[in-house]
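Note sheet for the following structure.
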Amino acid sequence: MTVSDYSPRLIEPKWQRRWSDARAFEASNTSSKPKFYALVEFPYPSGEGLHAGHPRPYTAMDVIARKRRLQGFNVLFPMGWDAFGLPTENYAIKHRIHPRIVTERNISRFRKQCQSIGFSFDWSREVDTTSPSYYRWTQWIFLQLFKHGLAYKAEIPINYCTSCKVGLANEEVVGGACERCGGEVVRRIKKQWMLKITSYAQTLLDGLDTVDFLDKIKSQQRNWIGRSEGASVDFQLVSSSSGEPLEPLRVFTTRPDTLFGATYMVIAPEHPLITNYSNIITNLDEIHSYIDASSRKSDFERTEIAKDKTGVPVNGVSAVNPATGKRIPVWTSDYVLMGYGTGAIMAVPGHDERDWEFAKRFNLPIVEVVSGGDVQSSAYTDVDDGTLVNSGFLDGLRVADAKRVMIDWLSSRNLGESKIQYKLRDWVFSRQRYWGEPIPIVDCPNCGLIPLPEDQLPLVLPEVDNYLPTDAGESPLAAMTDWVNTTCPHCGGPAKRETDTMPQWAGSSWYFLRYMDPYNNNQFASKEALDYWGMVDWYNGGMEHTTLHLLYSRFWHRFLYDIGAVPFPEPYAKRTSHGMILGANGEKMSKSRGNVVNPDDVIAEFGADTLRMYEMFLGAFDQAIPWSTQGVAGCRRFLDRVWRVQQFVVNDETIPQKLLADVHGCVKKVSEDIERMKFNTAIASMMTLVNVIYNEGAITRGTLRVLLALLNPFAPHITEEIWELQNLGEPIYSRDWPQWDPAALERDEIEIAIQVGGKVRGRVTLPLNLSKEEAERVLPEHPAILSAANGRTIRKLIYVPGRIVNLVL
RNA sequence: GCCGAAGUGGCGGAAUGGCAGACGCCAGAGACUUAAAAUCUUUUGUCCGAUAGGGCGUGCGGGUUCGAGUCCCGCCUUCGGCACCA
C-alpha cells in the first residue's frame with residue numbers, strides 16, 4: 001500500500017484534542033485500580049516560557065505515567081505553577097504592571113506549551129500558588145507551625161541581598177552571592193520570621209532511611225543537616241587579676257579525648273561574653289575595633305581569607321581547663337562562628353589544623369596529647385590510629401576509647417555531657433517583598449504576636465501602588481497603612497499586620513497534597529483523598545533543589561504528620577533526578593549566552609513526538625548533555641521510518657521464530673529500561689526492532705500492535721494515529737502494556753566466542769543446555785576449538801554456558 | 001580540604017567479570033533520479049597488510065583473574081555539592 005506523509009502538524013493537535021475531550025488522563029479519587037502518583041516539580045512560570053530543559057523531566061515522568069496507565073493503574077500525574085517570586089515582581093516594577101497580570105500571562109503561555117508537547121497531565125487538577133484559594137492553606141499551615149512554636153520572630157544576623165533588598169535563607173546564598181540575582185550578600189541584623197527546622201534535624205535524617213531516594217540525594221541531605229557527635233564541656237571562667245570565678249563558658253567539641261591538650265579558648269566576635277564582662281576586660285578598645293573590622297566582612301570574605309588567621313586576646317578573663325586545672329587564655333577570632341555550636345571553642349592546636357595555625361600565628365603553646373605525629377610541624381588529626389599521651393587518666397587509650405572515658409569523667413563531675421550537633425540552621429522565612437503570601441500574624445502592643453483566626457483566611461494581598469521595597473528594607477506592604485492598621489484578634493485594640501511575606505519555598509512545600517483534592521474549600525485536602533493517594537510514588541526533580549525545596553517540603557510534611565493533618569510521615573516514596581540540558585556549545589543554556597533552544601521551534605520544525613524522543617534519547621537521563629540539532633533530525637528520521645512501517649503490514653499472523661525473539665526481547669528491554677530510567681537504551685532497542693522489520697520487509701498486525709504500544713509513551717501522537725489508520729481498535733491509551741513471553745526468548749543453541757588467553761580467536765555454535773562436564777569432554781575435540789588452538793596443546797579449557805569458551809594453551 | 005559522580009571512536013553514548021564501541025549523529029560508497037533532495041542498501045576505532053590475517057586500543061601506573069571498560073591499590077583530570085562547622 002502507499003502511505004501518505006507523516007505530518008505531525010496535523011495529527012498532534014488532533015490527538016491532543018481527543019485526549020482532552022475523552023478526559024483520558026484525569027485521575028479518579030475513587031477507583032478500584034491500584035493508585036500511582038507520579039510527580040514532577042511544578043515550574044516557575046517565567047516570562048521566557050519553556051526552554052529545552054523543561055521537557056526532559058516532564059517527558060520522562062510522562063513516559064512512566066503513560067506506561068503505568070497501560071499497566072492498569074489509576075495514575076495521578078498533575079501540573080501546576082509555583083508562581084510567586086522575584087522575577088515576576090521585578091518585571092512588574094519595571095513595566096508597571098500588576099504581578100497578577102504578568103503571572104496569568106506567563107501561566108497561560110506555559111500551559112499552552114506543555115499541552116503542545118502532549119504531556120498526559122491531569123489538567124483538571126492544576127494548582128497555582130498565587131491564587132488565594134491555594135495560599136489560604138499555605139497560610140493555614142504557617143499558623144499551625146506558629147501555634148506549635150515552630151515559627152518565631154528573632155533579631156538575627158541575616159544574609160541580606162543588596163540588590164533584591166531581601167533577607168535570604170542560608171540555602172539561597174551561593175558562593176557569597178544571591179542565588180537568584182547574583183547580587184552581593186551582606187550580613188545585617190533584622191527582625192525576621194524563622195522556622196525551626198532544626199527541631200526536625202534528626203527526624204529528617206532518620207526519615208531518609210525509610211525512602212527510596214538516589215544515594216547522592218540522600219548523602220547531600222545528610223551532608224547539609226551535618227550531624228556530628230561529640231560533647232559539650234564547661235570551662236570555668238575566672239577574672240585574670242583576682243582569680244574570682246565567673247560564669248562557665250560552654251563549648252562543643254568532637255574531640256573530648258584531647259581535652260588535656262586544650263591550651264587556649266576562642267570565642268566568636270559576636271559572643272555575648274564580651275559585653276557581659278566589659279567591666280573586667282582590660283583591652284576593650286582593641287577588641288571592639290576587631291569586632292568592627294570582622295563585622296564589615298561578608299561571610300564570603302570571611303571564608304575567602306580563611307588562610308590567614310586573625311584575632312585578639314580577651315584580656316582580663318581566663319578559663320580553667322577542667323582536665324589539667326590550668327588557667328588558659330581566652331581569645332576572640334572570626335574563625336569561630338557564632339552560628340554553630342555555642343560560638344566558642346576549646347582550642348587544641350596539636351590536633352586541629354585551624355587551632356594549630358592560630359597558635360603558630362600568635363605563639364600559643366602546642367601540646368601533644370595523641371601520639372603518632374609531630375605536633376610542632378603540623379596538627380596530627382588522625383583519629384583511627386593514635387594513642388593518648390600527656391593526658392593523665394587517658395594515657396595509653398585509643399582515641400575512640402578516650403572519647404568515651406572523658407565523656408563519662410565529665411558527666412560524673414557535671415562538667416559536660418555527650419552532645420550531638422547539627423550544621424542545619426533555622427529557615428529564614430521572611431521576605432521584604434510584595435509578591436508572596438502575606439504572613440497572617442498581627443502584632444499587638446498589648447498581646448504580642450497574635451495569629452489571625454483561621455476563619456479570616458485567606459489573608460489576601462492588598463493592591464499597592466508601588467511594588468518596590470522601601471529603602472529602609474521594609475516590604476512595600478508597609479506603606480499600605482489602611483491594610484497594616486488593624487485590630488488585635490485577641491483584645492480588639494489597635495494593632496499592626498505583619499508586612500513581610502513568605503519566601504517562594506512556602507507554596508511548593510506542600511503543593512503535592514493539594515493536587516489530591518484541589519477544590520476543597522474546607523481543608524487543604526480531605527482525609528479520604530489523603531488516605532487514597534498517600535505518598536507520592538515517584539518524584540523526579542533537579543539536584544539543585546535537594547537542600548532547598550526537597551528538604552523544606554519534607555520538614556513541612558513531617559510536621560503535618562506530627563499534628564495529625566496527614567496520615568503518612570514522609571511525602572515522597574522515591575526521588576530521582578535528571579541532568580541538565582546544555583546548549584549546543586556545551587555551556588548552560590541562557591539568554592546571555594545566546595544558546596537557548598525553544599521547544600516551540602523544535603515542534604514547528606519536527607513535531608512534538610520528535611522533541612520527546614530526542615529529549616529521551618540524547619543520553620543517560622541523569623547526566624548533563626549538550627543539545628544537538630542533528631541528533632533531533634535523527635529522531636525525526638526514526639519516526640518517519642516507523643510511519644512507513646505501515647507499508648509492510650501483512651495479514652498473515654505467523655512470525656518466524658527469530659523475529660518473535662526480537663519482538664519479545666524488545667518488550668522486555670523497553671519495559672525494564674523505563675523502570676530504570678534508561679530511556680536512551682529503550683529507544684535504541686525499538687530502533688533495532690524497526691531495522692529488523694525493514695530487513696524482513698514485512699510486519700504482522702500483532703507485531704505492529706506491540707511496537708506501537710511500546711513506543712506510545714514516548715511518541716503518543718504518531719502511535720495513536722497509525723493505530724487508527726490500521727484499524728487496530730480502541731485507542732492505545734485505553735489498552736494494556738505488552739507482556740513478554742520468556743519462552744519466546746529461549747533458543748536451543750547459541751553462537752559464542754572462543755577466546756585464547758582472553759582474545760577472541762573464533763566462534764562456535766553450541767546447544768544452550770550443554771553442561772559443563774559434557775563440554776569439557778566434547779569441546780577439546782571440536783573442530784572450531786582445534787582451529788582456534790592452531791595445533792598448540794590446550795592446557796585448560798574454561799566453558800561458561802551461553803557465554804564463552806576460553807582456552808589456555 | 002571533605003562528600004558525590006564521571007573519564008570509552010570525529011561526536012552523543014552502549015556493554016549482570018565473558019565477542020568493547022549497541023543505537024544514533026557525522027562522513028564515505030552504491031541504487032533510484034535528467035539532476036538534486038528525500039528514501040533504500042552498504043562501509044565506518046586505529047595501525048600494518050592487496051587479501052587472508054595480525055598488532056594496538058575504554059584517563060595514567062600497578063595488581064587480582066583463564067578472562068578486566070567493569071573488581072582491588074596508588075595517581076591524574078573534569079563536573080556537581082559542602083566548606084575556618086570545632
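Here is how names work: the chains are called A, B, and so on, in the same order as the sequence lines, proteins then strands, and each is numbered from 1.
Each of B/G4, B/C84, B/A5 was ranked by its minimum atom distance to the side chain of A/S219; first place goes to B/G4. You'll find that the side chain of A/I345 is closest to B/A86, out of B/A5, B/A15, B/A86.
Remark: A/K309 is positioned above the aromatic ring of A/Y335, its terminal NZ or CZ atom under 6.0 angstrom from the ring centre and at most 45 degrees off the axis.
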Worksheet item: How would nucleotides 16-33 of chain B be written as a contact map, 5' to 3', with B for base contact, S for sugar-phosphate-only contact and - for no contact, using protein heavy atoms under 4.0 Å?
Response: B-BBS-BBSSS-------

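In this entry the distance linking CD1 of A/I693 with P of B/U41 reads 13 Å, nearest Å. A straight line from CD of A/Q220 to P of B/G81 spans 8 Å, rounded to a whole angstrom. For the pair A/R227 CZ and B/C3 P, the computed distance is 19 Å after rounding to whole Å. Counting to the nearest Å, the P atom of B/A83 and the OH atom of A/Y422 are 19 Å from each other. One interatomic measurement links the two molecules: NZ of A/K419 to P of B/A86, which rounds to 13 Å at whole-angstrom precision. The distance from atom CD1 of A/I754 to atom P of B/G67 is 18 Å, rounded to the nearest whole Å.
Looking at A/K309, its side chain comes within 3.5 Å of the base of B/C84 through a donor and an acceptor atom.
The P atoms of B/A35 and B/G53 are separated by 39 Å, rounded to the nearest whole Å. Atom name C1', nucleotides B/U70 and B/C26: the rounded distance is 29 Å, in whole Å. If you take atom C1' in B/A6 and the same atom in B/C60, they sit 16 Å apart, rounded to whole Å. The gap from the C1' atom of B/G10 to that of B/U46 amounts to 13 Å, rounded to the nearest Å. As rounded to the nearest Å, B/C25 and B/U64 have C1' atoms that lie 39 Å from one another.
In this entry B/C25 has B/G10 as its Watson-Crick or G-U wobble partner, both defining distances falling under 3.5 Å. Pairing of B/U39, defined by two Watson-Crick or G-U wobble distances under 3.5 Å, is identified with B/A31. As the counterpart of B/C71, B/G63 is assigned, both hydrogen-bonding distances of the Watson-Crick or G-U wobble pattern falling under 3.5 Å.
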Interface polar pairs with nucleotides 69-78 of chain B, N/O, under 3.5 angstrom:
none

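Within the 4.0 Å cut-off from OP1 or OP2 of B/U41, at least one side-chain nitrogen or oxygen of A/N695 is found. Within the 4.0 Å cut-off from OP1 or OP2 of B/A86, at least one side-chain nitrogen or oxygen of A/S228 is found.
Taking 90° from 0 as the syn/anti boundary, the base of B/G21 is oriented anti.
Nearer the 5' end of RNA chain B, as judged by each residue's closest nucleotide, is the contact made by A/D640, out of A/L807 and A/D640.
Aromatic ring pairs are classed by plane angle as parallel below 30°, tilted from 30° to 60° and perpendicular above 60°; the pair A/F362 and A/W331 is tilted.
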